[in-house]
Each structure stands twice: as structure tokens, then as C-alpha cells.
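Just so you know, these numbers come straight off a predicted model, no measurement behind them. Chain letters run A, B, ... following the sequence lines, proteins first and then strands; every chain starts at 1.
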Amino acid sequence: MHTVVSAEGSGIGLRSVSDSGAPAGEQRVVEASGLAREVAADEATHVRWAWDDTNNWYPALLADGVRVDRAHDLRLAHAVLRASVLSARTALAEAGLTAWDRLAPVPPPGGPTAAALVRPDRHPGSEPLFDLGEVAAPTTSGRAAGNRRRPDAGPGSERRTDESDGYDQPGGRHDHGRDDEYLGAGDLDPAAELTAQLLAIKDSTGPGRLRLLLAAESAGALAAAEMHHAGLPWRGDIHDQILTDALGPRPRPGARPAKLEDLAHRIRAAIDAPPTLNPDSHPDLLRAMEYAGVGARSLRKWELEKLDHPVIAPLLEYKGLYRLYTANGWNWLDTWAPDGRFRMEYVVGGVVTGRWASTGGGALQLPHNVRRAVVADPGWTFVVADAAQLEPRVLAALARDERMAAAGRSKDGANTDMYAGIVATGAVDSREHAKVGMLGAMYGGTTGVSAQVLPRLARAFPQAIDLVERAARAGERGEKVTTRLGRSSPLPGESWAATQGSAFDEDAGADVQSRARSQTRSWGRFTRNFVVQGTAAEWALCWIASIRRRLWALGEIDTGSTPGLAPAPFDRRPHLVFFLHDEVVVHAPAAFAEAVAQEVRAAAEEAGRLLFGDFPVDFPLSVAVTESYADAKD
DNA sequence: TCCTATCGCGCG
DNA sequence: AAAGCGCGCGATAGGA
């Protein structure tokens, strides 16, 4: 049974919808301030909460200490069902675009991203887009401030829509924007949409796969909201020490840190440049280096490293420290972890393949050299787990390639390295060859060692290699490809097809043809990788969904003991604090560490079974119990 | 002045 | 163009 949650005037509507999509009973309307109590009471009935966007509702519940077990995120589900080939011949997919196709993800409340959206420059005398007082509930400041829809909301309101016109190049961010008429937020009827989605699942060619995918995607949205709520423990004092050791004391605004200033002098001296040369200006620096005869074509690190000149050493050091200073320096600390927690802002489903993206704070790019600042609370510890060689294992299982799966299977309980296993089959000579060969197969590498090794891999593991080759050819033909659970790739944009067509013109020049060919191959590499990366993302979603359920079931520390620094409902319980594609960090009371490690492993096994049934493929983890994230070597 | 493109590098 | 996939971000350059 689902309960659909929606805004009804100043109150909140709760309406039951059966698993077949039939409305069950009348809608109840409760006061906004009473929602948390209502939800907490209904949790015991194993209801699945359905709502337009998890970030519109769940943060306020968490703020009231209420955790929910299951949800159905209508925005995320709609996007999957709209695009999937499994649901292509359903009413939902065959209907024209609706307001649900135009929803942009709602940022988590209270963070810098939400603040930036709430603070648009208002001209004096212009009407505010929404009245904060009208919808504000005591505990829902973030939601009330920026993200609640109103019946009269229109273009330019808080319900922003994406404006991109689709895909011309692989690699664009996931969006569903089109430039037809905006239908208006008033058209969002969550109960009707849920009914339509459940019907689309039932009518699809893979209801079981889609049901699992949407459950996992929605569980991911819950987990992301919970991680934002709990935050990653962050020791600002340690971070500051790292910065001071590397850069010198924090400079006044506008000034370079002492170490960078010193290196800038040495760089100028080494190439006889004037004191006005700004090493942050690539064109100027490159020109000055050319004048000094350094012989650099660009300023890329790997290229500079090949050169022999006195400027290289200080320049490389400068670039490293500059990166630390600009990306994760004091400004970052002030903005993203001012109070002992880094509240990362994930964008669930933000990548076309189904991976998560993040916005602001660079949660998915946290450099290794600042991870020392991630320290567990007193009496608590981290359990850090990452899936070893996830993508090649996923490929083996996807292709049902028994030999490749066997190469990654653990023998007598030993934690195996799949690349070593591939070497052991005799297919290739070294672990390095196995690794670059597999990466090349999954990414579409055509040169160097990876291309040399590919034929050997194709001989040893024909089914796995054939799967990625077929995915590449489908993409080159402009077709969709689909992951294990039913997430389909986007189609290339109109200009892609136009370029393809123009290559067939009688008078097409060689340059046009070569551009078309290069574009074709590029899209093929995208679809080749899509099936693997996308299915790996599905494995990770199932993993994280299982972990959050299992952690909750572990219960809490004794009532006598001191709670941790995490906010309720996690102050006495192990909880997820970080997720990075194939890696999780759990923050747990020290006494729970071993139990958590065991559950994280069990969750990985469960994820493998959910995706691949009894196909004999292993997904081993490396698990570390540690006080500091930096001590978990990946 | 604002907006976008480019470079380069962090992560998986 | 490192060698192929997927991202976010900050600084500077350059066009409008």
C-alpha cells in the first residue's frame, strides 16, 4: 500500500493508493505541523510513501526525528519510465510531455544551494514569488522557504525547469527539458501520477526489473537526504592544520597564501618573467614559458612532468597547492563544513547512467589529502567499504560470462583481485594489462596497451567483450541501450542525426565525413560504457538500500550511554554518512563496528542476488574500521 | 557587467 | 588526443 503525500492548501493531503494503483479511501488532510506524528504512526504499517520529490518532504520529517523505511519518488520514477525501452509501449511513455517531465531536482534545504535559489535578486516593488509565512510549518523552514509548490506557480517560480534541448554530445547532465509549452505546477497530481506509473510498470515488458529499479532509486533518495541530514563528521581544526602546513597561515582576502606567493616568485625567476606575471593566467604563463624555451605545449601536469627545466618543479608544486587552496581551502571550509559536519548535496539520478551527481561542495571529488579531516565522533568509528573492481564484475554478470565471473570469484574465502584472477587464466601477462585491457573494453579504448590486449581478452572472455561491442554498435546506429534493471540511455540529439545525414550527401567533404565518423564512434563509446556504468550504479543503489535498512535494524546504543553528535534519529544509531559510486562510509558507535561490517558485506551479497539471481558472481568488498577516513586505503 | 567557453584537475 | 567512460568546480579569457 502507498500513501501519497501532497500539499493541499495550507494542509497536507494523505491518500492511500493500492499497489495496483487503485485509490483506496478518501484523502485525509492534516496540519503541516502534524505530519511528522502522522507519518511516524503509519510507519508501523509498512506503507510506502509516495511524493513528488523526496527533498520536498523528507528533510522536514528528519528534522522532527522521523525516519521512513520506504518511498516512491515520483519525479525520479517518471524520468526512468519515460525513457526506458521496457515501458516504451505504455500510456505514460506514449503520452506527451507533462509537468512531471520538467521538474528540476529540489536541493536539500538549509544548504548553500538552496540559499542561492531562495535569494534571487529582487527588484524593489516586484512581487515576491511566494509568501514565506503562508506555508511555513514550525519545522519546515527549508521546504517552506524555497521548494513548496503553489497552485499558481508558473515559469520562473521556485519550480525551476531545465532548459537544455537534449543530447547532442554524450556527457551532458541528465535532463528532460524541452522547449514546448510549460504546463504549470498545478498540473502535478501526485495520486494520479502514481496510478499512471504503477500501470506503466505493470504494462511494461519488465515489471519486476522496473519495480526493483524504482524502489532502489527511491531508497537512494532517502539515503541521500539522510546523509545530508546527518552530515559527514568534519574536524575543521584538522582541516585548518592541513591547510596551514601546506600553504602557510590563512591569507587576508585577495592575497595569495605565503607558500604560493613564494613559489610564484621562484617560477618567475626560473623563466625571467616580470613580477607582473600571474601564474594563474594560463595564456600569459604559457607565453612566458615559450619565451624562456621551456618547450611546453600546455600546462597539464602529465605533460610538464616530461620536461626538464628549472621552472617545472616549482610550477608543479604551485599547481598542486593552488588546487588545494582554491577547491578545498578555507573558503570551502567556511561554506561547506562550518559546524563540524560536511552536509553534501547529492543529486540522485543526476547522471544519465543513474549514478549520483552532486552540487556544490564537490562531494564526489573529495581529495584524498583532506580526508584526514574526516574523523569519527568520540566513542564512534567509521566503517569504510568499497566494492573491488565493481564494473568488470558487473560486466561479467551482465554478459553471463562464466569464465570471467570465475576469474573474479574468491577461492577458499580469500579476498580476490579480479585482475589477478584474469592473469591467472593465462589471458594476459600482468595485472596492469588486465586492468587497462578491461578499462579499454568498457570505455572504448582504441590505442596503446589497452588496444593491444583487447584481442586476448576477447578470446578468453568472448561473451563479456561481445556485450560491450554490441552496446557500442547500437549506439553508433543511434539506438538506445538498457541496463540490467531497465534504465535506458538517451537518444542522441537532433544535431547528431543531422551530422550523420550530411555525411551521406553526395558532395560531403572528407572533413564532414570524418567528423560524422568521429561523432558516431563517440556515441558508441557512450552507450558501450552506459550499460556497464549504469548497471554498476544499480548494484550500488541496491547495496545502499540494503545497508540503510540493515543499519536501522541493528537498533541503538543503550539508553544509559551518551548519544553521539549526530542529530536524531541517528544520534544513537549507526548511519550512512558518505557514498561515492562504489564506496560507503558508515558512522557507528564503536561497539557496533563489527556488526556494521557484517551487514555491509551481507548487503553486497544481497545486491548481487537482486540483480543477477543465482548467477555465480562475487562482489567482494574491502572493509576498514577506522577513526579517520584517510586511514581507509582504497 | 554578465554570460559562456576553455583549461585543468579532483573523484569514481 | 595521455586513452577510451561518467561527473563538478574554480579561475581566467573573451564575447555580448
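One atom, CH2 of A/Trp543, and another, C1' of B/dG12, lie 13 Å apart when rounded to the nearest Å. The interatomic distance linking A/Lys435 (NZ) with B/dG12 (C1') rounds to 11 Å, in whole Å. Distance, A/Tyr346 OH to B/dG12 C1': 12 Å, rounded to whole Å. Going from atom CZ of A/Phe579 over to atom C1' of B/dC11 covers 13 Å, rounded to whole Å. For the pair A/Gln365 CD and C/dG10 P, the interatomic distance rounds to 9 Å; values are reported in whole Å. Between A/Leu366 atom CG and C/dG8 atom P the separation is 16 Å, expressed in whole Å. Between the CE atom of A/Met289 and the C1' atom of B/dG8 there is a distance of 14 Å, rounded to whole Å. Rounded to a whole Å, the CG atom of A/Leu299 is 17 Å from the P atom of B/dT6.
Nucleic acid contact for A/Thr447: sugar-phosphate only, since backbone atoms but no base atoms lie under 4.0 Å from a heavy atom of the residue. At a threshold of 4.0 angstrom between heavy atoms, the contacts of A/Leu390 with the nucleic acid are absent. A/Arg355 comes within 4.0 angstrom of a nucleotide base, judged by non-hydrogen atoms across all strands. Note on A/Gly440: a base of the nucleic acid sits closer than 4.0 angstrom, heavy atoms only.
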Extract from the structure each pairing of a protein N or O with an N or O of nucleotides 12-14 of chain C at less than 3.5 Å, listing the distance.
residue	atom	partner	partner atom	Å
C/dA13	OP1	A/Ser281	OG	2.4

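Checked for salt-bridge contact, A/Asp262 and A/Lys259 miss the test: no charged N lies under 4.0 Å from a carboxylate O. Residues A/Arg393 and A/Asp618 are not paired through a salt bridge, judged by the lack of any N-O separation under 4.0 Å between the basic side chain and the carboxylate. The pair A/Arg473-A/Glu479 fails the salt-bridge criterion, with no side-chain N (NZ, NE, NH1 or NH2) lying under 4.0 Å from an Asp/Glu carboxylate O.
Rounding to the nearest 0.5 angstrom, the gap separating the CG atom in A/Leu485 from the CG atom in A/Leu213 is 5.5 Å.
Stacking of the aromatic ring of A/Trp302 onto the base of C/dA2 is found: the ring centres lie under 5.5 Å apart and the planes are inclined by under 30°.
One can find a donor-acceptor pair under 3.5 Å joining the base of B/dC9 and the side-chain atoms of A/Arg323.
Projected onto DNA chain C by closest heavy-atom contact, A/Ala441 and A/Gly361 fall at different nucleotides, the more 5' of which corresponds to A/Ala441. Between A/His581 and A/Arg297, the residue anchored nearer the 5' end of DNA chain C, judged by the nucleotide with its closest heavy atom, is A/Arg297.
Residue A/Lys301 places at least one side-chain N or O closer than 4.0 Å to OP1 or OP2 of B/dG10. Between A/Arg300 and B/dG8 there is a side-chain N or O to OP1 or OP2 distance below 4.0 Å. For B/dG8, the OP1/OP2 oxygens have no side-chain nitrogen or oxygen of A/Lys319 closer than 4.0 Å.
For A/His433, the ring-ring contact (aromatic ring centres under 6.0 Å, His included) test picks out no residue, with sequence neighbours left out.
As rounded to the nearest Å, C/dA1 and B/dT6 have P atoms that lie 11 Å from one another.
Residue pairs meeting the side chain to side chain donor-acceptor pair (under 3.5 Å) criterion with at least one partner in residues 532-546 of chain A, sequence neighbours excluded, are A/Thr353-A/Gln533, A/Thr483-A/Glu538, A/Asn529-A/Gln533, A/Ser546-A/Arg550, A/Ser546-A/Glu606.
Pairing for C/dA13 is with B/dT4, a Watson-Crick or G-U wobble pair whose two hydrogen-bonding atom distances lie under 3.5 Å.
Here the rule is side-chain contact (heavy atoms from CB on, under 4.5 Å) with A/Phe342, and of A/Val577, A/Leu333, A/Leu366, A/Val374 only A/Leu366 fits it.
Side chain of A/Val352, nearest nucleotide from B/dG12, C/dC7, B/dG8: C/dC7. Closest to the A/Pro367 side chain, of the nucleotides C/dC5, C/dA2, B/dC11, is B/dC11.
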Decide side-chain contact (heavy atoms from CB on, under 4.5 Å) for A/Glu217 and A/Asp73; before the verdict, give the C-alpha distance in whole Å, the side-chain angles of both, and the deciding distance to 0.1 Å. CA-CA 8 Å; A/Glu217 185 97 327; A/Asp73 188 300; over 6 Å; no

Take A/Glu391 and A/Arg355 through the test salt bridge (Lys or Arg N to Asp or Glu O under 4.0 Å) and record every step on the way to the result. CA-CA 13 Å; A/Glu391 291 194 348; A/Arg355 274 186 174 186; 3.6 Å; yes

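With a glycosidic angle more than 90° from 0, C/dG10 adopts the anti conformation.
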